[in-house]
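Below: one structure, written as structure tokens.
Below, all heavy atoms of this structure are taken into account, side chains as well, without hydrogens, waters or symmetry copies. Letters go in sequence order (proteins before strands), and every chain restarts at 1. Values in this document were obtained by computation on a predicted structure and should not be read as measured data.
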Protein chains: 2
Amino acid sequence: MRGKVLQLDFSTGIIEGARYWKRRLSDMAEAFEVRDAVVKLLKEGDPLIYEVYEVEGVPEQTGELVWSTTVLYPGKVGDEYYMTKGHYHRDLNCAEVYLVLTGRGFLLIKDEKGPRALPVQSGSVAHIPPGCAHRMVNTGLSPLVFFAVYPAQAGHDYERARQEGFGLRVIAGEEGPEVRS
Amino acid sequence: MRGKVLQLDFSTGIIEGARYWKRRLSDMAEAFEVRDAVVKLLKEGDPLIYEVYEVEGVPEQTGELVWSTTVLYPGKVGDEYYMTKGHYHRDLNCAEVYLVLTGRGFLLIKDEKGPRALPVQSGSVAHIPPGCAHRMVNTGLSPLVFFAVYPAQAGHDYERARQEGFGLRVIAGEEGPEVRS
């Protein structure tokens with residue numbers, strides 16, 4: 001790979017020529033708390049929660065970098081806002097950087113010192129330190145689109161994040177989004 | 001550092017709370033070809049070529065990531081467009097990722113196979129492979145603002161890039177920007 005330039009549409013997050021994948025509710029049903037709401041939505045048609053456009057062909061070598069753009073749709077499962085599945089890196093030395101392109105929400109991170117919810121909006125640049133589980137939550141009415149860069153050797157550990165949970169949930173309260181433990 | 005979110009202004013590239021530094025023509029005078037034009041501009045007031053906003057306090061450890069935003073101003077030194085100083089990484093295993101936020105220009109890269117000039121514009125995502133010298137050139141009338149992420153252990157080797165040169169120059173021709181060897 002001798003230098004590759006792809007074109008991102010800032011409003012939609014779509015990148016021509018990138019690897020595309022998506023998650024529906026059925027791919028991450030356990031992430032949401034209210035089981036009745038999950039079952040109801042699955043019966044009604046299994047909504048699309050997010051889509052990812054990711055650079056292809058980067059070797060999994062130390063020093064190499066992978067980038068992606070995520071389009072996290074607005075919506076709720078019960079009172080809980082749509083969110084990404086969330087993961088640790090398999091290599092716990094690996095950080096990640098997010099740049100929010102459009103929308104608003106929270107970045108949830110969690111390590112041995114506990115969980116945190118960091119508010120983000122268009123233009124927010126987040127440094128996710130090594131060793132943290134991380135997840136994005138969309139509390140807005142439009143897609144939350146964010147650009148991410150991570151070390152190519154990072155790997156993804158979704159299972160540990162699923163088993164532990166994040167210790168915080170972002171819920172639609174009467175006066176707007178609420179972060180609850 | 002337990003998760004840090006800073007706010008980027010997409011139109012100006014300014015990031016509150018980030019480390020700020022800048023380069024004037026006198027900091028990189030040898031990068032430009034036409035000596036008379038350099039001398040004239042230095043006498044007239046040493047123009048600002050670019051400004052950088054960079055995250056602070058990231059440990060230089062493998063797996064960690066540094067991000068920055070660069071505001072590369074429009075302008076020319078003789079017929080040659082303003083550009084960044086350009087560097088190799090000291091650790092030649094380290095890649096870099098650029099996301100162009102506003103403006104247009106070229107990404108110049110160079111390795112043992114030779115130089116390349118890749119056109120970029122707002123929304124372009126560039127993967128710079130390990131081992132390449134890299135430089136951005138602004139061929140537009142407004143600032144070229146780009147977001148960059150690189151491994152914290154990368155380091156910068158400006159001296160080798162200066163000695164070798166890039167083998168390509170981007171010049172204002174009669175019908176627009178021209179890439180010349």
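In this structure, no portion of A/T69 lies under 4.5 Å from any heavy atom of chain B. When heavy atoms are compared at a cutoff of 4.5 Å, A/Q7 approaches chain B by way of both its backbone and its side chain. For A/I128, no part sits under 4.5 Å from any heavy atom of chain B, backbone or side chain. Residue A/V125 touches chain B through both its backbone and its side chain, counting heavy-atom pairs closer than 4.5 Å.
Surrounding CD of A/Q163 are more than 12 heavy atoms belonging to other residues, nucleotides or ligands, all under 6.0 Å away. Atom CD of A/E60 has 12 or fewer neighbouring heavy atoms from other residues, nucleotides or ligands inside a 6.0 Å radius. Counting heavy-atom neighbours within 6.0 Å of B/K76 NZ, excluding the residue itself, gives a total of 12 or less. The environment of CD in A/E30 is sparse: at most 12 heavy-atom neighbours from other residues, nucleotides or ligands sit within 6.0 Å. Around CD of A/E178, the count of heavy atoms belonging to other residues, nucleotides or ligands within 6.0 Å exceeds 12.
Linking ILVMFWY side-chain heavy atoms closer than 4.5 Å, directly or via other members, places A/W21 and A/I14 in a single hydrophobic cluster. Under the 4.5 Å side-chain heavy-atom criterion for Ile, Leu, Val, Met, Phe, Trp and Tyr, A/V5 and B/I109 are members of the same hydrophobic cluster. Residues B/Y88 and B/M28 do not share a hydrophobic cluster, clusters being chains of Ile/Leu/Val/Met/Phe/Trp/Tyr side chains in contact below 4.5 Å. Linking Ile, Leu, Val, Met, Phe, Trp and Tyr whenever their side-chain heavy atoms come within less than 4.5 Å leaves A/V39 and A/V34 in two separate clusters. There is a path of hydrophobic side-chain contacts, each under 4.5 Å, that joins B/Y73 to B/L25.
Evaluation of the side-chain contact (heavy atoms from CB on, under 4.5 Å) rule for B/D27 yields B/R23, B/R24 as partners, not counting sequence neighbours. In terms of the ring-ring contact (aromatic ring centres under 6.0 Å, His included) criterion, residue partners of A/Y158 (sequence neighbours excluded) are, by chain and number, A/H87, A/H156.
Heavy atoms only, all atoms of each residue included: A/F10 and B/G123 are closest at CE1-N, 3.4 Å.
In terms of non-hydrogen atom pairs under 4.5 Å with chain A, the most contact-rich of B/T62, B/I15, B/L65 is B/L65. In terms of non-hydrogen atom pairs under 4.5 Å with chain B, the most contact-rich of A/C94, A/S124, A/A126 is A/S124. Ranked by non-hydrogen atom pairs under 4.5 Å with chain A, the options B/H134, B/Q61, B/Q121 are led by B/Q121.
Proximity to chain B among residues 141-155 of chain A is limited to A/F147, A/V149, A/Y150, A/P151, A/Q153, judged by heavy-atom separations below 4.5 angstrom. By a heavy-atom distance cut of under 4.5 Å, A/E96, A/V97, A/L99, A/V100, A/L101 are the residues of residues 96-104 of chain A near chain B, going up by number.
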Would you please test A/V58 and B/H127 for side chain to side chain contact (heavy atoms under 4.5 Å, CB included) and show each step?
CA-CA 9 Å; A/V58 176; B/H127 177 271; 4.1 Å; yes
